[in-house]
Number of protein chains: 2
Amino acid sequence: MDKDRYRQAVRLFSLLSHPVRLRIVDELRRGEACVCHLQAILKRPQPYISQQLRVLREAGVIEGRKRGLYVYYRLIDEQVERLLLETLGPAGEPSPLPLCACPRCHDEAESLPLPGGSVAAEVR
Amino acid sequence: MDKDRYRQAVRLFSLLSHPVRLRIVDELRRGEACVCHLQAILKRPQPYISQQLRVLREAGVIEGRKRGLYVYYRLIDEQVERLLLETLGPAGEPSPLPLCACPRCHDEAESLPLPGGSVAAEVR
DNA sequence: TCGCTATATGCATTCTAATGCATATAATAC
DNA sequence: GTATTATATGCATTAGAATGCATATAGCGA
């Protein structure tokens, strides 16, 4: 059906037509980020951030990876990435904020490659 | 200000996150079309179509050209064109509908190039 | 075990956009 | 002038998304 292409496009545009969600995906295309990080950047209450993350997660645009108490989200939709490139231009540098308390942001030791492969569950 | 880039993007995505508006711009990227044509394709009341056209017109995405009783709209925003290409793929053929009564659709004589350059006012 | 922290969920309320419809405007033909 | 047709506008109503907030869940450490 041709109608599905329209439906799909409308769904995508709707997701991105929201200021907070747009800023979230723009941040995530720069690299993984935990919820507290996004919270610090966007200066919104945590439940509010989590709700928008849920919308994006259920739409299959982002994915969360649990690591202890923290959940790290990342962008997994390549079409969204292209749409952001078209409208916002190339992705900027990831924003390291002192306001964020998570290990990744605080001590750079526990940084990216995650050495001792302990459990990392998907968020669903 | 960096915030303006976000605002601008949100505005664009909002315009396209509406099923009727999306179909209108998709139709218009295939070529000029009069209101009655869009009305025939989308099977919606004329005032409703005109309202959505106004939204798109005031956002600077489309432009209307008056020709007698009829108004022919066309897409003038290239970024929107690129976003449609990304999400919907290449533009299809213009849809000639027998349901539409305007001269352009009925008798092909009065077709595209518009010979005897009579007055054509912009719609604002 | 309990307490603390990060994140998630549920739900009520508030806004804004979508929709429907009556009517206005503009151009043509008579 | 009047009548007719295409399009536009204004406005009331409705629907759905956005927001706020109380509370639930999950993991860690003592």
Side-chain angles (χ1 to χ4, degrees), chain A residues 10-11 13-24 32-40 42-59 62-73 97 99-106 110 118-124, chain B residues 10-11 13-24 32-40 42-59 62-73 97 99-106 110 118-124:
Chain A
V10 164
R11 200 187 60 96
F13 287 135
S14 301
L15 287 171
L16 300 176
S17 67
H18 185 288
V20 169
R21 284 198 300 267
L22 182 64
R23 292 205 55 190
I24 288 178
E32 247 182 6
C34 59
V35 178
C36 53
H37 196 102
L38 297 169
Q39 196 182 337
L42 297 171
K43 301 188 191 68
R44 298 282 183 134
Q46 173 273 319
Y48 183 73
I49 301 286
S50 272
Q51 274 172 102
Q52 302 305 338
L53 286 171
R54 161 147 78 158
V55 174
L56 292 168
R57 177 162 26 93
E58 289 182 345
I62 65 175
E63 195 177 77
R65 184 182 113 253
K66 196 159 196 170
R67 191 133 184 89
L69 271 181
Y70 302 86
V71 177
Y72 298 98
Y73 281 95
L97 286 201
L99 300 159
C100 179
C102 83
R104 283 250 334 254
C105 295
H106 250 231
E110 237 267 269
S118 57
V119 261
E122 287 261 321
V123 177
R124 276 279 142 242
Chain B
V10 164
R11 202 187 59 96
F13 288 135
S14 301
L15 287 171
L16 300 177
S17 68
H18 185 289
V20 169
R21 285 198 299 269
L22 182 64
R23 292 204 56 188
I24 288 178
E32 246 183 8
C34 59
V35 178
C36 53
H37 196 101
L38 297 169
Q39 196 181 336
L42 297 171
K43 301 188 190 67
R44 298 280 184 136
Q46 173 273 320
Y48 184 74
I49 300 287
S50 272
Q51 276 173 101
Q52 302 304 339
L53 286 171
R54 161 147 79 158
V55 173
L56 292 168
R57 175 161 28 92
E58 289 181 345
I62 65 175
E63 195 176 77
R65 186 181 111 252
K66 195 159 198 170
R67 190 130 184 92
L69 272 181
Y70 301 86
V71 177
Y72 297 98
Y73 281 95
L97 286 201
L99 300 157
C100 179
C102 83
R104 280 255 326 260
C105 296
H106 250 232
E110 235 266 89
S118 56
V119 259
E122 286 261 325
V123 176
R124 275 280 141 240

[X] has an atom [atom1]; how far is it from atom [atom2] of [N], in whole Å?
| X | N | atom1 | atom2 | answer |
| --- | --- | --- | --- | --- |
| A:K66 | D:dT25 | NZ | P | 13 Å |
| A:R65 | D:dG27 | CZ | P | 15 Å |
| A:R67 | C:dT5 | CZ | C1' | 18 Å |
| B:L38 | D:dA8 | CG | P | 10 Å |
| A:F13 | D:dA17 | CZ | P | 18 Å |
| A:L22 | D:dA18 | CG | C1' | 16 Å |
| A:Y48 | C:dT7 | OH | C1' | 17 Å |
| B:I24 | D:dT7 | CD1 | C1' | 13 Å |

Nearest-nucleotide wise, let me know which of A:Q39 and B:Q52 is further upstream toward the 5' end of DNA chain C.
A:Q39
My understanding is that only one of A:E63, A:E32, A:R57 makes a side chain to side chain contact (heavy atoms under 4.5 Å, CB included) with A:Y73; could you say which?
A:R57
At less than 3.5 Å, do the side-chain atoms of A:Q46 and the base atoms of C:dA6 form a donor-acceptor pair?
no
Options [options], nucleotide nearest the side-chain atoms of [X]:
| X | options | result |
| --- | --- | --- |
| B:V71 | D:dA22, D:dA8, D:dA18 | D:dA8 |
| B:R21 | C:dA18, D:dT9, D:dC21 | C:dA18 |
| A:H18 | D:dT5, C:dA8, D:dA18 | D:dA18 |
| B:S50 | D:dA22, D:dA18, D:dT7 | D:dT7 |
| B:L69 | C:dA26, C:dA8, D:dT9 | C:dA26 |
| A:V35 | C:dA8, D:dG27, D:dT9 | C:dA8 |

Scanning both residues in full, the closest heavy-atom pair of B:V71 with B:G64 reads CG1-CA, 4.1 Å
OP1 or OP2 of D:dT7 under 4.0 Å from side-chain N/O of B:R57:
no
Would you say A:R65's side chain and A:Y72's backbone share a donor-acceptor pair under 3.5 angstrom?
no
Between B:Y70 and A:S17, which has a closest nucleotide on DNA chain D that is more 5'?
B:Y70
Closer to the 5' end of DNA chain D via nearest nucleotide, is it A:R44 or B:Q51?
B:Q51
Could you give the distance from CD (A:Q52) to CG (A:L42), rounded to the nearest 0.5 Å?
10.0 Å
Could you give the distance from NZ (A:K43) to CD1 (A:I49), rounded to the nearest 0.5 Å?
11.0 Å
